[in-house]
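Take a look at the structure below.
Every heavy atom of this structure was used, including side-chain atoms; hydrogens, water molecules and symmetry mates were not. Each residue takes its place number in the sequence, starting with 1. Keep in mind the model is a prediction, meaning the values are calculated, not measured.
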Amino acid sequence: MGNDINNMYGVFTLERQDLVDLTRRIAECIPKDFLKNKDKPVIIAVDGSFGCGKKIIADYGREAILGIEHDDVRFPEHDETITVKNEAFTRWDAFVNPFKKLLGIKNRVQSTIQTPITEHIINSNGVDVTCHGKAEFDEFVSAEHGQDQLEVSFINVAWGGGFYGTKGDPQDSYYEKHLKHRKAGGVVYVHNIDHDMAKPDIEIKLESGEGGSCLNGETRACANVGHALKGAIGAEQIAPFDRWARFVTVKFNNAAIEAQGQMLKILKEEFGFYALDHIAQDVLHPPEANESEREIPVIKVDTADFPLVKKHKHHLGASANISAVPAKKCYEITVSTPALS
């Protein structure tokens, strides 16, 4: 595997915690010097299949960068207000009111009014944090770290409206307006970005189930996650992980961020990522059945090199007992195909 940042690297994960751990690790490795420029935040693009848990990347990346707890973060809700004193009531009103009362003139009384809440200031892990924006649409969270103010924001450009500070604008303006609301250097997580908007420094994709493309229209790296994992681990062994089984890919477009943070080294050594061109194509794109002869496709799985996140490697080959070749730890797995009608 060459250290080619133009390549994409992938690994299969089984649990939600795998995604949380990976997210935190990538965020922790972003060099601090890249977090100081307000006008040039680090851009992390997150894409994937529908309902695959992409928001985990933004939520726990923010947690790692700011040193806070995700569960403490709170954004103003729709029409949320706070009661404040009516500033129209002045000291002069307080002085003249007794005389007005004697003359039978209606007094201006001190009262309270409801004003919209635009931000929440919370304390998490001893850090004072400011949160504003619209939850799940575009979020802004900032905190002081040493002499620097850091901000981690999030926007999902696939939504059709309801963004903070935008009304009825075309999609390509959402991202630009989002950036204008940022107040400090840091990171912006962008879901489903069109690469005409901006070139991400890091691209992360999560794929679950099966399909041909991601939400932003790009071709999936793994056409059928369940098929690949069943071939390597077995249907019964993989069943408990069906809900959170994912194929995760990471690509670095910024050579300086990758090199200074040693991110590729970490992905390989700590998590077990492989370059996509070193992963068997039958794993990523399983062969189709021959409709005329109804042949059953066969996957050859090398359990030594299968790109499963390292903490779960003990699951590999547990049920592989057909055409075993122990010397190479390679198995030929027969995968049943539903009968064609």
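For the pair D138 and Y174, the minimum side-chain heavy-atom distance is 4.5 Å or more. Side-chain contact between H227 and E210: absent, with no pair of heavy atoms (C-beta onward) separated by less than 4.5 Å. By the 4.5 Å heavy-atom criterion applied to side chains, K134 and E139 are not counted as neighbours. In this structure, the side chains of Q237 and K230 stay at 4.5 Å or more apart for every pair of heavy atoms. In this structure, the side chains of S49 and L206 stay at 4.5 Å or more apart for every pair of heavy atoms. A 4.5 Å side-chain heavy-atom check between Y9 and L276 finds every atom pair outside the cut-off. Contact of the V127 side chain with the I68 side chain is registered, since non-hydrogen atoms from C-beta on lie closer than 4.5 Å. Taking 4.5 Å as the limit, every side-chain heavy atom of H191 sits out of range of all side-chain heavy atoms of V157.
A donor-acceptor pair shorter than 3.5 Å cannot be found between the side chains of N254 and E258. In summary, the side chains of D18 and T13 do not present any donor paired with an acceptor at a separation below 3.5 Å, with no hydrogens or angles considered. Side-chain N/O atoms of D128 and N123 include a donor and acceptor closer than 3.5 Å. Between the side chains of N156 and E136, no donor-acceptor pair of N or O atoms lies under 3.5 Å.
Shown are H145, E144, E151; of these, the side chain to side chain contact (heavy atoms under 4.5 Å, CB included) with L66 is made only by H145. Across H178, R62, K183, a single residue satisfies side chain to side chain donor-acceptor pair (under 3.5 Å) together with S153, and that is H178.
The minimum heavy-atom distance linking V11 with G272 is given by the pair CG2-O, 3.6 Å. The shortest heavy-atom contact between I122 and C131 is CD1-SG, 4.1 Å. Taking both residues in full, the closest heavy atoms of E69 and S124 are given as N-OG, 2.8 Å, listed atom of the first, atom of the second, then distance. Closest non-hydrogen pair, Y175 versus A198, comes out as CE2-CB, 3.7 Å. The nearest pair of heavy atoms linking I26 to M263 is O-CE, 3.6 Å. Of all non-hydrogen atoms in S208 and R246, the two that sit nearest each other are CB-NH1, 3.4 Å.
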Between V225 and R220, is the side chain to side chain contact (heavy atoms under 4.5 Å, CB included) condition met? List the steps.
CA-CA 11 Å; V225 174; R220 285 176 50 140; 3.9 Å; yes

Begin with the C-alpha distance, continue with both residues' side-chain angles, and end with the deciding distance and a verdict on side chain to side chain contact (heavy atoms under 4.5 Å, CB included) for L14 and L229.
CA-CA 9 Å; L14 299 184; L229 288 171; 4.0 Å; yes

Decide yes or no on side chain to side chain contact (heavy atoms under 4.5 Å, CB included) for R16 and I56, but give the supporting numbers first.
CA-CA 9 Å; R16 182 180 183 275; I56 288 172; 3.7 Å; yes

Could you please spell out the steps behind the side chain to side chain contact (heavy atoms under 4.5 Å, CB included) verdict for I121 and V129?
CA-CA 6 Å; I121 298 177; V129 185; over 6 Å; no

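Atom CD of E207 sits about 10.0 Å away from atom OG of S213, to the nearest 0.5 Å. Going from atom CG of L179 over to atom CD1 of I155 covers 8.0 Å, rounded to the nearest 0.5 Å. To the nearest 0.5 Å, atom NE2 of residue H285 and atom CD1 of residue I279 are 10.0 Å apart. Within the model, atoms CD of E63 and CG of D71 stand 8.0 Å from one another, a figure rounded to the nearest 0.5 Å. Separating the OG1 atom in T130 from the CD atom in E119 is a distance of 5.5 Å, to the nearest 0.5 Å. Separating the NZ atom in K311 from the CG atom in L308 is a distance of 10.5 Å, to the nearest 0.5 Å.
Ring pair H312/F241 is tilted by interplanar angle, where 30° to 60° counts as tilted.
Figure legend: K55 and F154 shown as a cation-pi pair, the cationic atom lying under 6.0 angstrom from the six-membered ring centre and within 45 degrees of its axis.
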Which atom pairs, donor and acceptor, lie under 3.5 Å between side-chain atoms of residues 28-47 and protein residues at least two apart or in another chain?
residue : atom : partner : partner atom : Å
N37     : OD1  : D39     : N            : 3.0
N37     : OD1  : K40     : N            : 3.4
D47     : OD2  : N216    : ND2          : 3.2

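Between H120 and F75, the ring center distance fails the sub-6.0 Å criterion. For an aromatic pair to be called close, the ring centres must be under 6.0 Å apart, and F12 with F306 satisfies this.
Remark: side-chain polar atoms of R182 are paired, donor with acceptor, to backbone N or O of V187 under 3.5 angstrom.
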